[in-house]
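Numbering of ligands and ligand atoms starts at 1, following listing order. Values in this document were obtained by computation on a predicted structure and should not be read as measured data.
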Amino acid sequence: MNFSRKNRPYFIQQIASRPFDLLIIGGGITGCGMALDAALRGLKVALVEKEDFASGTSSRSTKLIHGGLRYLKQLELSLVHHTGRERAVVYKNARHLVIPEKMLLPIVEGGSLGKQAVSAALLAYDFLAGIRRKEHRRMLDKKQAAAAEPLLRTDILKGGGLYYEYRTDDARLTIEIAKSAYKEGALLLNYIEVVDFRYDDKNQINGVIAKDTLTGECVSIHATVVVNATGPWVDLLRQKDNSLYGKRLQLTKGVHIVIPFDKLPLQQAVYFDTGDGRMIFAIPRGHKTYIGTTDTVYNQDINRPTCDKKDAQYLLDAVNSTFNIIPLKLQDIESSWAGLRPLIFEEGKSPADISRKDEIIESPTGLISIAGGKLTGYRLMAEKAVNRAVLKSGGLFKDCSTRSYRLSGGDFNSDADLKKSLDGFIAIGMEKALPIDLICNWFYRYGKNTEILLRDDASPEEAEFRYCLDHEMVTHLSDYLIRRTGKLYFDRIKSEILIDKIAETMRREFSISNEIIVKMKTETVEQYQLAVRFVNS
Ligand code: FAD
């Protein structure tokens, strides 16, 4: 049965009628990672997500799979060691989505980093994170650094360090994990919100009451163990469970802005000093360059964090003082996004200094909450949380096997195998007169599943949409435009044109009423307006 909205009534009936070993609340990368791990171990597992998979922090990151070079400064050696090593695991699990990206760290006059410090930090990073030999750091003199990125201001440039990070698409990585979990037997539903907990006569959690946000109907779900993997919302659920004491979250906001590539035509990704002790990334991606991020304490609405003028101006100022370009203005920003880091509060520490470590907290009622961490370390976090759930359930299950599991679309043995597969798809595409860059886009989005899109004789646009409808649980218009394809942020004009067309297909395909379609369109346009708010500023 396809992972499609078409089967939603059946899935809802299933989730309400059978008991689960494990129920996960939250369909970000942490929750989906747990669902896959648990399903592979043989647990009966269900996951519910109140909006779309990855609609929280997991689609709003810097989109890097990295060990966190900057954590060396805080002497978080163990964090760099573990996330660094996980980087290699995530890469092998989904080569189509985790792409090596050379990163240049410029050394400038008056900057916070000197040549020796950069050299030592990158050397330590190579060692701790277990970086492959061919990707070891290389120090550059001024001439070499200027050649690596000609837009850097040569009047202040002193040299640089080249090292490797991995670029990803956070929302796509999450959806590939969700698809894999579904394939392995987990039941995952988006647009289902947990509104209350159920307890047995010993006041131990044994399930939840959840609301279908599309229909307003509530279902009761039974489970031996319930895990709260709701990222920035973790404390809200702990509050509902009357167990919000001891450790708490500290949310910090980080924003990104997207600029047309021709206004900041970087030859390669750069990780640079902002002058106030922070570091930010400027990363070319297709016809755009994106820049981020900020790190400020956040106490407002968790559901819709936005990039405000002050955030955007901060990033523009940093870029304008680093690169030799016509200064960028607010109107140059094509789109933006903002995300919330679910960090564990530490007394007296500034947002940037709070550890990115993950933490598992168990309440007296048995609710297991997991928060903190990084996209990069999701698999390890999931492994730890599932270990805890297995222990609590008292059941006998297999060991964790996600380390060597190839995610949906990512079944490649090596880089050479990936290249061979891409070449094969390009050849099929050429026979069908499809442009090479379209095939490459599909390949780096859907990996081996590109084959399914290529088998479809409809127009490329229709074939892609159909694949997402049939296999990626697109339930709302914005699921497709924002999280399955990233078109809203990186292909704004096309997404404007597509809204009506895909709304009509969804109306027909899923027999959705006109009233709901209008509501979906309004909600999508609202999200769109938030993303493009600076265009006419
Ligand atoms: P989320 O993705 O937020 O998922 C939680 C989900 O729970 C949400 O989808 C939400 O809708 C759902 N939910 C909430 N309440 C309920 C309810 N009642 N019922 C059902 N569902 C509910 N990490 C990296 O490794 N690399 C990076 O480059 C990087 N950059 C970052 C940049 C920024 C600006 C930020 C903010 C973070 C960055 N991170 C990065 C960290 C990383 O993005 C997060 O650690 C990770 O995405 C957290 O995932 P999560 O699943 O725990 O939370």
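The contact shell of ligand 1, taken as protein residues with any non-hydrogen atom closer than 4.0 angstrom, comprises Ile25, Gly26, Gly27, Gly28, Ile29, Thr30, Val48, Glu49, Lys50, Ser55, Gly56, Thr57, Ser58, Arg60, Ser61, Thr62, Lys63, Leu64, His66, Ile192, Glu193, Val194, Ala229, Thr230, Gly231, Pro232, Trp233, Leu237, Gly254, His256, Thr293, Gly339, Leu340, Arg341, Gly373, Lys374, Leu375, Thr376.
At a cut-off of 3.5 Å, with distance as the only test, a side-chain donor of Thr365 or Ser363 sits close to an acceptor on the other residue. For the 3.5 Å distance criterion, the side chains of Ser58 and Asp170 fail to qualify, holding no donor opposite an acceptor. In this structure, a donor-acceptor pair under 3.5 Å is present between the side chains of Arg379 and Thr402.
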Inset, instruction - Please lay out, stage by stage, how Phe261 and Tyr290 fare under the test ring pair (Phe, Tyr, Trp, His ring centres under 6.0 Å). - result: CA-CA 9 Å; Phe261 181 73; Tyr290 71 96; over 10 Å; no
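Aromatic pair Tyr528/Tyr489: centroids not less than 6.0 angstrom apart. Aromatic ring centres of Phe281 and Phe272 lie farther apart than the 6.0 Å criterion allows.
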